[in-house]
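To keep things clear, I will list the structure first and then write my remarks on it.
Note that ligands are numbered from 1 as they come in the structure, with each ligand's atoms numbered from 1 the same way.
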Amino acid sequence: MNLLLSPRKPVAISLPWSKQLIANLAERKAAGRYRQQRIRIGEQGVAVVIDGKPLLSFCSNDYLGLASHPDLKKAFIKAVDKEGVGSGAAHLLTGHSQYHQQLEQALAEFTRQQKVLLFSSGYQANLGVIDGLMIRGDVIIQDKLNHASLLDGGRLSAANQLRYQHADIAALSRRLQQVDQKNCLLVTDGVFSMDGDIAPLPELITLAKQHNAAVMIDDAHGLGVLGEHGRGSVEHWNIAAADRPIVIGTFGKAFGTAGAFVAADDEVIETLIQQSRSYIYTTAQPAAIAAATLASLELVQQQNWRREKLQTLISQFRTGAKALGLQLMDSPTPIQPVLIGDDKQAISIGKSLEQKGILVGVIRPPTVPEGSARLRITLSASHTEQHIIQLLDALESICAH
Ligand SMILES: *Cc1c(COP(=O)(O)O)cnc(C)c1O
């Protein structure tokens, strides 16, 4: 859309190594790994307008269809009227509004944890919790497929970081044996963001207990979606209160707003308030976002039908895709990747789908391992059975054997 492009572009100021950048970009493009922004106009939802074209989207993380819900809009606008827009400061100065406070309390109750601390994004929460808790001499053990922000948190920390093969209990056990006696944090996604599978939490917790390690789960894709009341992985697995892990939740996905939190015991949260740099040195999110998230939390808890609807759509999609011979992954969640393998083939299928009016994520290395490019199809409670049929028909005409 031309109106969004700046008409007066300044003359380039070359960095001394600009040629290198240009060559690297060209190489990336040739390899089919170039990343580009696309412009959406209008609300997030299953019907979106991207680069001026209306598309049926299977490509957002708005799993419950709450991002544009009227209750969230109302709560947001009402809070803006009372509190203005910018929070104006970090949480530890004057940025922590009554809405932030209310949201922390409501989330502590929701997650059944002692205390909750808000972060401005999930990325910051993961950096800040891992780096804020773990110091030199400690050990962090992570699943290889954990979200980039968790792995980055481990890299930022002075603690030693080890990784284990995805969801491999035997491999994890060997890692834990290496580090007995040290303060050790076992870190895993609750639901893996590019595969959609659920971490085997009970086994991880049992093993961690045997080795006196703590457990932290990033439930960005589990909260709101898993468990009868949307409490996420902990509810899905029915984890006993005495075994509950440190939980990271994000609001940009099922909650339909923005921001994140960590839920844990008092001393963990108090420690983070003292020494979590991505908490301390950043501006608090606008109070209105917290107000909208409070409204969202109500809907997440009350409207079971959204989770039930998702389950119906997930089985409809999986049954249909299997019948077409598509290679699905072991995912019971709204993240339903179709494995393609080759980067360029994945891009070409993505483009063909788009020509038929359907938008899916095309995920390539380094986001996923080499040779495992995939379509990342995500379902939302706002989709209908008819939408799934449309998607399956398009997939059949493009890539069924
Ligand atoms: C999206 C995501 C994050 C980052 O959360 P943001 O609030 O978007 O920064 C962290 N962890 C996982 C597993 C995610 O999927």
Side-chain angles (χ1 to χ4, degrees), residues 35 37 40 44 59-64 66-67 72 91 100 103 107 111 116-132 140 142-156 163 166-167 185-199 201 204 215-226 232-234 236 245-263 276-279 282-286 289-290 292-293 296-297 300 329 331 333-337 361 363 366-368 374 376-380:
R35 305 179 199 259
Q37 300 164 330
R40 193 191 78 230
Q44 182 61 274
C59 170
S60 87
N61 299 314
D62 181 24
Y63 303 122
L64 298 181
L66 294 178
L72 273 66
H91 281 279
H100 293 115
L103 180 58
L107 286 166
T111 57
V116 159
L117 189 68
L118 296 177
F119 281 78
S120 295
S121 78
Y123 192 97
Q124 286 172 302
N126 283 336
L127 290 192
V129 173
I130 296 176
D131 180 53
I140 302 159
Q142 302 217 29
D143 188 294
K144 277 203 169 158
L145 294 190
N146 275 354
H147 192 263
S149 57
L150 292 169
L151 299 167
D152 288 359
R155 281 164 50 184
L156 185 63
R163 295 166 72 180
H166 176 50
L185 183 67
L186 165 58
V187 181
T188 182
D189 279 17
V191 172
F192 287 86
S193 47
M194 295 301 141
D195 293 47
D197 57 331
I198 303 178
L201 205 49
L204 296 180
V215 179
M216 163 175 159
I217 69 161
D218 174 352
D219 219 12
H221 301 278
L223 271 169
V225 171
L226 296 181
S233 296
V234 168
H236 171 83
I246 297 173
V247 173
I248 303 285
T250 68
F251 305 131
K253 282 143 189 166
F255 278 74
T257 61
F261 70 90
V262 54
S276 175
R277 296 167 67 86
S278 67
Y279 176 75
T282 200
T283 301
Q285 275 215 332
I289 301 263
T293 307
S296 171
L297 181 58
V300 164
M329 291 184 162
S331 165
T333 68
I335 302 168
Q336 288 295 326
I363 312 289
T367 306
V368 291
R374 64 198 67 175
R376 182 175 182 270
I377 290 167
T378 50
L379 304 178
S380 160

Q.
Under a 3.5 Å distance rule, please check whether Q44 uses its side chain to pair with a backbone N or O of S60 as donor and acceptor.
A.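 Not at all, since once roles are kept as given, no pair shorter than 3.5 Å links the two residues.
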
For [atom], find the nearest protein heavy atom and state the residue, atom name and distance (0.1 Å precision).
| atom | result |
| --- | --- |
| atom 2 (C) of ligand 1 | K253 NZ, 2.3 Å |
| atom 11 (N) of ligand 1 | D218 OD2, 2.5 Å |
| atom 6 (P) of ligand 1 | G122 N, 3.3 Å |
| atom 9 (O) of ligand 1 | Y123 N, 2.9 Å |

Q: For the pair Y279 and H91, name the ring-plane relationship: parallel under 30°, tilted 30 to 60°, perpendicular over 60°.
A: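 Ring orientation of Y279 relative to H91: parallel.
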
Q) When you check the side-chain N and O atoms of D143 and T188, is any donor under 3.5 Å from an acceptor? A)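 No, because no side-chain N or O of D143 sits under 3.5 Å from a partner of the opposite role on T188.
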
Using a 4.0 Å cut-off to any heavy atom of [X], which atoms of ligand 1 qualify?
| X | value |
| --- | --- |
| N126 | 10 (C), 11 (N) |
| D189 | 13 (C) |
| T250 | 5 (O) |

Per-residue contact class, [X] against ligand 1 - non-hydrogen pairs under 4.0 Å:
| X | value |
| --- | --- |
| S121 | both |
| Q124 | neither |
| L150 | neither |

Ignoring hydrogens and angles, write down the donor-acceptor pairs under 3.5 Å from the side chains of residues 249-262, residues two or more places apart or on other chains.
| residue | atom | partner | partner atom | Å |
| --- | --- | --- | --- | --- |
| T257 | OG1 | T293 | OG1 | 2.7 |

To check you understand the geometry: which heavy-atom pair defines the closest contact between [X] and [Y], and what is its length?
| X | Y | answer |
| --- | --- | --- |
| D195 | S331 | O-CB, 3.5 Å |
| S296 | L66 | OG-CD1, 3.8 Å |
| V187 | I140 | CG2-CG2, 4.0 Å |

Q. Does G252 have a heavy atom less than 4.0 Å from any atom of ligand 1?
A.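 It does not; every heavy atom stays at 4.0 Å or beyond.
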
For residues 121-131, tabulate all N or O donor-acceptor pairs below 3.5 Å that involve a side-chain atom, not counting sequence neighbours.
| residue | atom | partner | partner atom | Å |
| --- | --- | --- | --- | --- |
| S121 | OG | Y123 | N | 3.4 |
| S121 | OG | Q124 | N | 3.1 |
| S121 | OG | Q124 | OE1 | 3.4 |
| Y123 | OH | D152 | OD2 | 2.4 |
| Q124 | OE1 | S121 | N | 3.3 |
| Q124 | NE2 | T282 | OG1 | 3.3 |
| N126 | ND2 | S149 | OG | 2.9 |
| N126 | ND2 | D218 | OD2 | 2.9 |

